[in-house]
Amino acid sequence: MSQLKIAFQLPFGVLVKRIIRRLLPAKKNNYHLKEWRGVAEEKLSPVVEFKKNQIVVNQFFVKNYLNHQFKIFDKDWKDRNASQKPILNWAHQAFSEKIIAHVSSNYQFINWQLDVKSGFEFDVTKPFYQQVAYKEKRIDVKNCWELGRLQHLPQLALAAQEAENKAEIIQEFKNQCLDFIANNPVGMGCQWMCAMDVGIRVSNLLVAYDIFKQVDEFGILDETFDTFFVDNVYQHGLFIYNHIEHKEGAAGNHYLFNLVGLLFVAAYLSQNKEVQQWGDFAANEIQKELEKQFFNDGGNFEGSTTYHCLSTEAMLYATAILLRRGVTFSEEYTNRLYRAGCFIKDVMKPNGNLPQFGDNDSGRLFILRHSDNYRNQDDKEGLLNYESLLAGFAGLFENTFDEFAIKHPLNKEFIEQLANYTKCILPTMNHQPSTDNHQPSTNNHQPNTEKTTLKFPVNIDTTLIQHYAYPDFGIYVFKSTSFYLAISAIANKKMHHSWGHAHNDKLSFELQVNNEDIVRDPGTYTYSADPTLRNEFRSTKAHHGIIVDGVEQNKIIDLFYMDREVRCSVLEVGLNKITLKANYYGVEHVRKFEILTDSLLVTDYCNQLFKVNINQFNKYSPMYGVIETMKS
């Protein structure tokens with residue numbers, strides 16, 4: 001039944017294409033019967049060169065990475081060393097042994113197939129499409145994928161520039177690269193299951209290699225290593241191109257990262273004609289996808305604030321590379337991208353964090369500085385902070401987002417170098433977020449009413465509060481330097497057809513006063529590893545709205561599909577107040593917010609009996625894979 005519901009939600013043209021694909025499936029590559037890897041004679045073109053005075057190095061992180069300790073979707077650092085030599089398919093053993101011969105004799109290999117939380121190990125002797133993850137064992141392949149993105153390698157490269165143990169770090173980079181190439185043959189095991197992760201991995205590999213080659217005065221990254229590495233880059237690009245996640249025209253963020261990966265490969269393999277064809281394809285597609293995946297107000301169509309940031313990061317880096325390729329953009333493209341950056345700036349809290357409306361899988365393309373590492377729970381600039389992403393916008397648009405570039409100069413410089421110091425032309429009119437002025441409504445006459453007063457720890461100056469509205473995305477923000485209120489009305493019919501990253505959080509909100517969270521969204525915690533908790537975290541009862549007995553705002557179809565039932569509208573906006581309405585399955589809920597000097601007054605009206613659910617859910621996930629008890 002769930003598959004039938006999903007089919008009905010698909011655009012008709014997409015449904016037809018998927019039926020045809022099922023009836024006439026494409027022939028799969030026999031990765032387990034053939035050796036795809038080889039050696040390459042081509043050279044990579046240098047692209048980036050960071051200034052040493054912009055680099056902040058955390059030696060604790062460096063030490064952990066050198067010892068193969070990683071903090072991935074966890075509070076603690078975990079050892080990822082393999083307990084024994086990986087067993088490979090017979091078709092790949094000989095070439096892998098050839099690669100391993102160039103790895104240091106004292107190097108301990110990493111287990112790239114192990115989900116350290118469940119203890120389950122994926123089978124590298126089988127191709128990616130034959131991998132099986134047993135649901136009852138609570139396996140989460142994302143624990144493997146995140147390691148396989150190799151986002152720590154650019155951090156090591158930056159650290160090596162002025163490190164006393166520079167040679168050790170360069171040797172470690174060489175060993176880890178050869179380790180991955182040898183023990184993850186193309187198309188085999190879990191590290192090739194998702195082309196998005198392949199795109200992220202090759203982008204990080206290329207940037208790290210570029211930096212390491214500039215500081216390797218020892219000749220550690222020799223010609224033999226280069227032949228393996230460059231071929232590996234080519235194989236990544238070829239794999240992405242052959243496994244593009246276009247979804248018959250219903251693509252989402254995964255497709256953006258496919259294209260970004262192809263663009264990075266094309267930027268570095270600039271003399272390869274086949275690769276340049278991939279780059280031309282990606283350049284054309286990325287421009288189409290900006291219009292498809294981002295609304296006029298700049299909000300992303302996935303229905304999630306953090307997925308907006310993830311997709312925006314992909315578009316930012318893609319745009320920089322397109323400028324390097326000499327692409328000129330339409331005014332609409334530039335305006336929409338600029339508005340996507342303004343969305344983040346306007347929606348973020350005074351402390352730089354974003355509200356967690358919708359899914360949050362803690363994903364990013366690059367993590368350049370240790371102090372930007374969102375996995376570090378103790379880092380106030382981590383987790384939900386996206387200031388470094390806005391610093392990247394300062395590298396693309398002249399004299400904008402400069403306050404973030406001052407704090408994160410490395411991110412600005414990175415974008416500028418990728419773009420070859422070419423800038424986007426600023427929108428002809430400065431961005432002005434919608435004020436969403438609505439006339440007073442008389443719809444607050446529902447038979448059931450309840451008022452809730454949320455007291456502030458300190459009084460605030462209400463005259464300093466500004467209002468930001470993004471009606472296409474469906475978020476409304478009131479904020480000053482000491483006050484923050486964000487309200488979710490994320491229910492646009494033009495969102496991704498699955499509503500797979502949206503939550504039942506309509507008219508729920510986040511409230512922060514004086515950098516203290518009074519009401520905060522519970523987050524996401526997990527996807528496939530625990531379907532019960534996955535659905536619980538995105539349910540109506542997990543959010544700060546109302547509960548009507550037995551009624552979800554949208555029925556949950558499966559882990560990444562929801563019924564598209566709820567509709568939201570703004571009834572009234574005034575000075576430091578707003579009234580919104582949500583309709584779903586016969587429920588009509590009206591909620592009024594009034595910001596006072598010492599408190600927030602929330603008044604709920606409903607045509608059915610209800611309970612106010614503010615701060616009633618006792619679980620909180622600050623990042624994917626981590627769960628805490630919600631503080632009262």
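Just so it is clear, the model here is predicted, and its values are computed rather than measured.
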Judged by atom type as modelled, is there a donor-acceptor pair below 3.5 Å linking the side chain of [X] to the main-chain atoms of [Y]?
| X | Y | answer |
| --- | --- | --- |
| N492 | D472 | yes |
| D197 | M193 | no |
| R201 | Q191 | yes |
| Q151 | R364 | yes |
| N554 | V566 | yes |
| N613 | K541 | yes |
| W145 | C190 | yes |
| H543 | G545 | no |
| D505 | S508 | no |
| D115 | V141 | no |

Quiz item: Is E291 atom CD crowded by more than 12 heavy atoms from other residues, nucleotides or ligands, each under 6.0 Å away?
Solution: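 Counting neighbours around CD of E291, 12 or fewer heavy atoms of other residues, nucleotides or ligands fall under 6.0 Å, so no.
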
What do you reckon, are the aromatic ring centroids of [X] and [Y] less than 6.0 Å apart?
| X | Y | value |
| --- | --- | --- |
| F397 | Y338 | yes |
| F456 | F483 | yes |
| F343 | H308 | yes |
| H497 | Y561 | yes |
| F617 | F537 | yes |
| F122 | F120 | yes |
| F301 | F473 | no |

Quiz item: Who pairs with Y484 by ring-ring contact (aromatic ring centres under 6.0 Å, His included), at least two apart in sequence or on another chain?
Solution: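 Here no residue qualifies.
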
Checking [X] now: which residues fulfil side chain to side chain contact (heavy atoms under 4.5 Å, CB included) with it, not counting sequence neighbours?
| X | result |
| --- | --- |
| I244 | I240, H246, Y255, N258, L262, F281 |
| N360 | T306, Q356, S362, L384, T524 |
| N583 | K581, E588 |
| V612 | E450, T452, R591, D604, F610, I614 |

Closest heavy-atom pair and its distance - [X], [Y]:
| X | Y | result |
| --- | --- | --- |
| T462 | I595 | CG2-O, 4.2 Å |
| M495 | G303 | SD-CA, 3.5 Å |
| I139 | S528 | O-OG, 4.0 Å |

If you round to the nearest 0.5 Å, how far is [atom2] of [Y] from [atom1] of [X]?
| X | Y | atom1 | atom2 | answer |
| --- | --- | --- | --- | --- |
| Y525 | L533 | OH | CG | 6.0 Å |
| D76 | D74 | CG | CG | 5.0 Å |
| T319 | L290 | OG1 | CG | 7.0 Å |
| S311 | L365 | OG | CG | 11.5 Å |
| F404 | S388 | CZ | OG | 10.5 Å |
| N204 | Q155 | CG | CD | 9.0 Å |

Quiz item: How would you list all residue pairs meeting salt bridge (Lys or Arg N to Asp or Glu O under 4.0 Å) that involve residues 524-534, not counting sequence neighbours?
Solution: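 Qualifying pairs: R138-D530, D359-R534.
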
Quiz item: Do any pairs count as a salt bridge (Lys or Arg N to Asp or Glu O under 4.0 Å) and have a residue in residues 506-519, sequence neighbours left out, and if so which ones?
Solution: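 Checked against salt bridge (Lys or Arg N to Asp or Glu O under 4.0 Å) - neighbours excluded - the pairs reaching residues 506-519 are K349-E510, K349-D517.
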
Considering only heavy atoms from C-beta outward, does the side chain of [X] approach that of [Y] to under 4.5 Å?
| X | Y | value |
| --- | --- | --- |
| K619 | P522 | no |
| F509 | L485 | yes |
| V590 | C606 | no |
| P457 | V513 | yes |
| V570 | Y476 | yes |
| I72 | R80 | yes |
| I415 | L316 | yes |
| I344 | C309 | yes |

Quiz item: Can you check salt bridge (charged side-chain N to carboxylate O under 4.0 Å, His left out) on K407 and E387, steps first, answer last?
Solution: CA-CA 8 Å; K407 193 173 183 180; E387 291 179 331; 3.0 Å; yes

Exercise. Could you tell me whether K142 sits above the aromatic face of Y624, with NZ or CZ closer than 6.0 angstrom to the six-membered ring centre and within 45 degrees of the axis?
Key: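 Verdict for Y624: a cation-pi partner in K142.
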
Exercise. Establish, for the pair K345 and F401, whether the NZ or CZ atom is under 6.0 angstrom from the six-membered ring centre and no further than 45 degrees off its axis.
Key: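 Here K345 passes the 6.0 Å and 45° test against F401.
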
Results of salt bridge (charged side-chain N to carboxylate O under 4.0 Å, His left out) for [X] - residues two or more places apart only:
| X | result |
| --- | --- |
| E594 | none |
| E332 | R336, R339 |
| K479 | none |
| K288 | E285 |

Quiz prompt | Result of checking E302, E245, Q293 against N253 for side-chain hydrogen bond (donor to acceptor under 3.5 Å, both in side chains) | solution =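 Exactly one pass, corresponding to E302.
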
Practice problem: Measure up the Y527 and H501 rings against each other and bin them: parallel (under 30°), tilted (30 to 60°), perpendicular (over 60°). | Solution: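 The arrangement is tilted - the two ring planes meet at 30° to 60°.
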
Exercise. Please work out which of the three classes, parallel, tilted or perpendicular, describes the rings of F70 and H152, given edges at 30° and 60°.
Key: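 Because their plane-to-plane angle is over 60°, the rings of H152 and F70 count as perpendicular.
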
Quiz item: Does the side chain of Y620 pick up a donor-acceptor pair with the side chain of D521 at under 3.5 Å?
Solution: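 Checked: Y620/D521 side chains show no N/O donor-acceptor pair below 3.5 Å.
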
Exercise. Report the C-alpha separation of E552 and T540 in whole Å, then their side-chain angles, then the decisive distance to 0.1 Å, and conclude whether the side-chain hydrogen bond (donor to acceptor under 3.5 Å, both in side chains) test is met.
Key: CA-CA 6 Å; E552 281 285 348; T540 303; 2.7 Å; yes

Practice problem: If a pair satisfies ring pair (Phe, Tyr, Trp, His ring centres under 6.0 Å) and one of its residues is in residues 571-590, list it, with sequence neighbours excluded. | Solution: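 Of all non-adjacent pairs touching residues 571-590, none passes ring pair (Phe, Tyr, Trp, His ring centres under 6.0 Å).
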
